[in-house]
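Notes follow once the structure below has been shown.
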Amino acid sequence: MPQNFSTPDLSQTRLGVSFFEQPAVDVAKQLLGVIMNRRLGGQILRARIIETEAYLGPKDLASHSSKGRTARTEVMFGPPGRAYVYFIYGTYDMFNVIVGVPGEAEAVLFRAAEPLDGWQADLSGPGKLARAFRITRADNASDLTGDEIYFESDPDYRPRILKTKRIGVAYAKHWQHRLLRFIDAKSPVAAKLRR
DNA sequence: ATGTCGATTTAC
DNA sequence: TAAATCGACATC
(Lines give C-alpha, C1' and ligand atoms only; values in the text may rest on other atoms or scores of the structure.)
Protein backbone atom coordinates (compact mmCIF):
# COMPACT_ATOMS: atom_id res chain seq x y z
CA MET A 1 0.00 0.00 0.00
CA PRO A 2 1.50 3.36 -1.03
CA GLN A 3 1.58 5.92 1.73
CA ASN A 4 0.24 9.40 1.22
CA PHE A 5 3.18 11.56 2.18
CA SER A 6 1.41 14.81 1.38
CA THR A 7 -1.10 14.50 4.20
CA PRO A 8 -1.03 17.83 6.05
CA ASP A 9 0.61 17.56 9.42
CA LEU A 10 -1.79 19.29 11.78
CA SER A 11 0.78 19.31 14.55
CA GLN A 12 2.72 21.90 12.55
CA THR A 13 0.42 24.55 13.91
CA ARG A 14 1.15 23.53 17.46
CA LEU A 15 3.48 25.91 19.26
CA GLY A 16 6.71 24.33 20.43
CA VAL A 17 9.48 25.40 22.76
CA SER A 18 11.08 27.67 20.17
CA PHE A 19 8.02 29.90 20.22
CA PHE A 20 8.37 30.41 23.95
CA GLU A 21 12.10 31.07 23.70
CA GLN A 22 11.33 34.53 22.34
CA PRO A 23 11.31 37.68 24.52
CA ALA A 24 8.19 38.20 26.65
CA VAL A 25 6.87 41.14 24.63
CA ASP A 26 7.05 39.15 21.40
CA VAL A 27 5.39 36.10 22.90
CA ALA A 28 2.67 38.20 24.56
CA LYS A 29 1.80 39.87 21.25
CA GLN A 30 2.05 36.73 19.13
CA LEU A 31 -0.13 34.83 21.58
CA LEU A 32 -3.11 37.00 20.63
CA GLY A 33 -5.32 35.00 18.28
CA VAL A 34 -3.63 31.76 19.26
CA ILE A 35 -5.86 28.86 20.32
CA MET A 36 -5.36 27.48 23.79
CA ASN A 37 -6.18 23.81 24.34
CA ARG A 38 -6.72 21.93 27.56
CA ARG A 39 -7.38 18.22 27.66
CA LEU A 40 -9.84 17.21 30.38
CA GLY A 41 -10.68 13.57 30.43
CA GLY A 42 -12.17 12.77 27.05
CA GLN A 43 -12.76 16.29 25.84
CA ILE A 44 -10.70 19.31 24.92
CA LEU A 45 -11.48 22.84 26.05
CA ARG A 46 -10.49 25.41 23.41
CA ALA A 47 -10.39 29.18 23.36
CA ARG A 48 -8.82 32.02 21.39
CA ILE A 49 -6.49 34.17 23.45
CA ILE A 50 -7.35 37.86 23.35
CA GLU A 51 -5.49 39.46 26.25
CA THR A 52 -2.00 38.95 27.71
CA GLU A 53 0.59 40.75 29.82
CA ALA A 54 4.38 40.56 29.62
CA TYR A 55 6.58 40.39 32.75
CA LEU A 56 10.21 41.15 32.08
CA GLY A 57 12.20 39.40 34.79
CA PRO A 58 13.87 40.46 38.09
CA LYS A 59 14.41 44.05 36.99
CA ASP A 60 10.65 44.41 36.39
CA LEU A 61 9.26 45.48 39.76
CA ALA A 62 5.80 44.22 38.79
CA SER A 63 7.12 40.69 38.27
CA HIS A 64 7.21 38.14 41.05
CA SER A 65 10.71 37.29 39.87
CA SER A 66 11.85 40.69 41.17
CA LYS A 67 11.59 39.11 44.64
CA GLY A 68 14.37 36.78 43.63
CA ARG A 69 14.48 33.03 43.56
CA THR A 70 12.03 31.61 46.13
CA ALA A 71 9.98 28.42 46.44
CA ARG A 72 7.16 30.15 44.60
CA THR A 73 9.19 31.81 41.84
CA GLU A 74 11.58 28.92 41.29
CA VAL A 75 9.85 27.77 38.11
CA MET A 76 10.20 31.25 36.62
CA PHE A 77 13.97 30.82 36.56
CA GLY A 78 13.69 27.53 34.72
CA PRO A 79 13.23 26.66 31.04
CA PRO A 80 10.63 28.38 28.81
CA GLY A 81 7.39 26.71 27.79
CA ARG A 82 6.50 25.70 31.35
CA ALA A 83 3.54 26.90 33.41
CA TYR A 84 3.86 29.33 36.29
CA VAL A 85 0.66 29.15 38.33
CA TYR A 86 0.27 31.07 41.57
CA PHE A 87 -2.53 31.61 44.06
CA ILE A 88 -3.71 35.12 44.91
CA TYR A 89 -6.29 36.99 46.98
CA GLY A 90 -7.14 33.76 48.73
CA THR A 91 -9.29 32.86 45.76
CA TYR A 92 -7.70 32.77 42.31
CA ASP A 93 -5.05 30.87 40.45
CA MET A 94 -3.15 32.85 37.83
CA PHE A 95 -1.91 31.12 34.71
CA ASN A 96 1.37 32.17 33.11
CA VAL A 97 3.91 30.72 30.73
CA ILE A 98 7.64 31.10 31.24
CA VAL A 99 9.36 32.54 28.18
CA GLY A 100 12.70 33.76 26.86
CA VAL A 101 16.14 32.64 27.96
CA PRO A 102 16.33 30.16 30.86
CA GLY A 103 17.27 31.96 34.07
CA GLU A 104 16.01 35.37 32.95
CA ALA A 105 12.60 34.66 34.48
CA GLU A 106 10.39 36.33 31.90
CA ALA A 107 6.73 35.35 31.77
CA VAL A 108 3.43 36.04 30.05
CA LEU A 109 0.16 36.15 31.97
CA PHE A 110 -2.97 34.86 30.24
CA ARG A 111 -5.71 37.38 30.99
CA ALA A 112 -8.63 36.72 28.66
CA ALA A 113 -9.87 34.47 25.87
CA GLU A 114 -12.89 33.65 23.72
CA PRO A 115 -14.32 30.17 24.19
CA LEU A 116 -14.63 28.10 21.00
CA ASP A 117 -16.65 25.11 19.81
CA GLY A 118 -19.81 26.21 21.59
CA TRP A 119 -18.14 26.17 24.96
CA GLN A 120 -20.08 28.57 27.19
CA ALA A 121 -17.66 30.25 29.55
CA ASP A 122 -16.64 33.69 30.76
CA LEU A 123 -12.89 33.94 30.18
CA SER A 124 -12.66 37.73 30.59
CA GLY A 125 -10.08 37.97 33.34
CA PRO A 126 -7.08 35.92 34.50
CA GLY A 127 -8.85 34.46 37.54
CA LYS A 128 -11.89 33.46 35.54
CA LEU A 129 -9.78 32.10 32.68
CA ALA A 130 -7.74 29.81 34.92
CA ARG A 131 -10.81 28.64 36.80
CA ALA A 132 -12.77 27.83 33.63
CA PHE A 133 -9.81 25.90 32.22
CA ARG A 134 -9.46 24.09 35.56
CA ILE A 135 -5.89 25.25 35.95
CA THR A 136 -4.54 25.32 39.50
CA ARG A 137 -1.25 25.28 41.37
CA ALA A 138 -1.20 21.54 40.66
CA ASP A 139 -0.35 22.55 37.10
CA ASN A 140 2.61 24.67 38.16
CA ALA A 141 5.79 23.85 36.24
CA SER A 142 3.95 21.62 33.78
CA ASP A 143 5.10 21.50 30.17
CA LEU A 144 2.86 23.58 27.89
CA THR A 145 4.04 21.92 24.71
CA GLY A 146 2.70 18.51 25.68
CA ASP A 147 -0.74 16.92 25.49
CA GLU A 148 -2.49 18.34 28.56
CA ILE A 149 -2.24 22.06 27.86
CA TYR A 150 -0.97 23.26 24.49
CA PHE A 151 -1.32 26.02 21.93
CA GLU A 152 -2.08 26.18 18.23
CA SER A 153 -1.41 29.09 15.93
CA ASP A 154 -4.19 30.21 13.60
CA PRO A 155 -2.47 31.81 10.60
CA ASP A 156 -5.79 32.94 9.14
CA TYR A 157 -6.63 35.06 12.17
CA ARG A 158 -5.12 38.54 12.31
CA PRO A 159 -5.58 40.28 15.66
CA ARG A 160 -5.69 44.06 15.98
CA ILE A 161 -3.21 44.65 18.78
CA LEU A 162 -3.88 47.28 21.42
CA LYS A 163 -1.28 48.19 24.05
CA THR A 164 -2.04 49.46 27.56
CA LYS A 165 -0.51 49.56 31.03
CA ARG A 166 -0.69 46.36 33.05
CA ILE A 167 -3.51 45.89 35.56
CA GLY A 168 -3.03 45.91 39.32
CA VAL A 169 0.65 46.78 39.46
CA ALA A 170 0.53 50.31 40.91
CA TYR A 171 3.17 49.29 43.47
CA ALA A 172 5.77 48.69 40.76
CA LYS A 173 7.30 52.20 40.63
CA HIS A 174 7.94 53.32 37.06
CA TRP A 175 7.27 49.85 35.72
CA GLN A 176 3.55 50.37 36.24
CA HIS A 177 3.51 52.76 33.30
CA ARG A 178 5.07 50.44 30.74
CA LEU A 179 2.75 49.34 27.94
CA LEU A 180 3.09 45.62 28.52
CA ARG A 181 -0.55 44.59 28.31
CA PHE A 182 -1.81 43.45 24.93
CA ILE A 183 -5.41 43.21 23.80
CA ASP A 184 -6.93 41.98 20.56
CA ALA A 185 -9.29 44.85 19.75
CA LYS A 186 -10.92 42.71 17.10
CA SER A 187 -12.49 40.46 19.70
CA PRO A 188 -16.01 41.35 20.89
CA VAL A 189 -14.94 40.50 24.42
CA ALA A 190 -12.22 43.14 24.26
CA ALA A 191 -14.83 45.87 24.57
CA LYS A 192 -15.77 44.85 28.07
CA LEU A 193 -12.27 44.40 29.49
CA ARG A 194 -11.15 46.54 32.38
CA ARG A 195 -9.38 49.76 31.55
C1' DA B 1 5.12 34.38 65.70
C1' DT B 2 2.76 38.06 63.59
C1' DG B 3 1.49 41.72 60.13
C1' DT B 4 1.02 43.31 55.46
C1' DC B 5 -0.57 43.00 51.00
C1' DG B 6 -1.59 41.11 46.55
C1' DA B 7 -0.43 40.17 38.27
C1' DT B 8 -8.84 39.71 41.13
C1' DT B 9 -13.63 39.47 41.25
C1' DT B 10 -18.04 40.65 42.71
C1' DA B 11 -21.31 43.09 45.06
C1' DC B 12 -23.06 47.36 47.24
C1' DT C 1 -15.76 51.74 46.69
C1' DA C 2 -14.84 47.93 49.42
C1' DA C 3 -14.99 43.19 51.23
C1' DA C 4 -13.53 38.48 50.72
C1' DT C 5 -9.74 35.28 51.71
C1' DC C 6 -5.14 32.94 52.42
C1' DG C 7 -0.43 32.24 51.30
C1' DA C 8 4.06 34.44 50.39
C1' DC C 9 7.20 37.24 52.26
C1' DA C 10 9.25 40.51 55.58
C1' DT C 11 10.07 41.60 60.05
C1' DC C 12 10.24 41.07 65.05
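Just so it is clear, the model here is predicted, and its values are computed rather than measured. Lettering of chains follows the sequences in order, A, B, ..., and the numbering in each one begins at 1.
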When you list every nucleotide of DNA chain B with an atom under 4.0 Å from a heavy atom of chain A, which one comes first 5' to 3', and which comes last?
->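 Here the contact window of chain A covers B:dG6 to B:dT10.
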In a table with atom names and distances, give each donor-acceptor pair under 3.5 Å that connects a side chain of residues 65-76 of chain A to protein atoms at least two apart or in another chain.
from: A:S65; atom 1: OG; to: A:G57; atom 2: O; distance (Å): 3.4
from: A:S65; atom 1: OG; to: A:S63; atom 2: OG; distance (Å): 2.7
from: A:S65; atom 1: OG; to: A:A105; atom 2: O; distance (Å): 3.4
from: A:S66; atom 1: OG; to: A:S63; atom 2: O; distance (Å): 2.7
from: A:R69; atom 1: NH1; to: A:E74; atom 2: OE2; distance (Å): 2.7
from: A:T70; atom 1: OG1; to: A:R72; atom 2: N; distance (Å): 3.3
from: A:T70; atom 1: OG1; to: A:T73; atom 2: N; distance (Å): 3.2
from: A:T70; atom 1: OG1; to: A:T73; atom 2: OG1; distance (Å): 3.2
from: A:T73; atom 1: OG1; to: A:G68; atom 2: O; distance (Å): 2.7
from: A:T73; atom 1: OG1; to: A:T70; atom 2: N; distance (Å): 2.8

Quick one, which residues of residues 91-106 of chain A touch DNA chain B with a heavy atom under 4.0 Å?
->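 Result for residues 91-106 of chain A: A:Y92, A:M94, A:N96, sorted by number.
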Residue-level proximity of residues 170-186 of chain A to DNA chain B when a heavy atom falls under 4.0 Å =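 Residues of residues 170-186 of chain A under 4.0 Å from DNA chain B: A:Y171.
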Pairing residues for [X] by the salt bridge (charged side-chain N to carboxylate O under 4.0 Å, His left out) criterion, not counting sequence neighbours:
X	value
A:D26	none
A:D143	none
A:R39	A:E148

ring-ring contact (aromatic ring centres under 6.0 Å, His included) partners of residues 159-195 of chain A, not counting sequence neighbours, each pair once =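 Listed by first then second residue: nothing to list.
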Identify all stems in which DNA chain C takes part, counting only runs of at least 3 consecutive pairs (Watson-Crick or G-U wobble, each distance under 3.5 Å), and give each as one range with another, ordered by first number.
->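 Stems found: B:1-6 with C:6-11, B:8-11 with C:1-4.
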Describe the nucleic acid contact of A:I167 in one word from base, sugar-phosphate, nothing, applying a heavy-atom distance below 4.0 Å.
->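 Result for A:I167 = sugar-phosphate.
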State plainly whether the residues A:D60 and A:R166 are in salt-bridge range, i.e. N to O under 4.0 Å.
->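 Salt bridge flag = yes for A:R166 with A:D60.
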At the 4.0 Å heavy-atom cut-off to chain A, mark where contacts on DNA chain C begin and end, going 5' to 3'.
->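 For DNA chain C, the relevant span reads C:dT5 to C:dC9.
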Pairs of donor and acceptor atoms involving the side chains of residues 107-119 of chain A, under 3.5 Å and at least two apart or interchain, shall be tabulated with distances.
from: A:R111; atom 1: NE; to: A:E51; atom 2: OE2; distance (Å): 2.7
from: A:E114; atom 1: OE2; to: A:S187; atom 2: OG; distance (Å): 2.5
from: A:E114; atom 1: OE2; to: A:V189; atom 2: N; distance (Å): 3.4
from: A:D117; atom 1: OD2; to: A:R46; atom 2: NH1; distance (Å): 3.3

Within residues 67-86 of chain A, residues whose heavy atoms come under 4.0 Å of DNA chain C =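 The stretch gives A:T70, A:R72 as the residues lying under 4.0 Å from the strand, ordered by number.
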For nucleotides C:dT5 and B:dT2, find the distance between their P atoms and express it as a whole number of Å.
->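 The same atom, P, in both gives a distance of 22 Å.
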What is the distance from atom CD of A:E106 to atom OH of A:Y55, rounded to the nearest 0.5 Å?
->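 Reported value, rounded in 0.5 Å steps: 13.0 Å.
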Can you hop from A:L45 to A:L123 via hydrophobic side chains spaced under 4.5 Å?
->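 Both belong to a single hydrophobic cluster.
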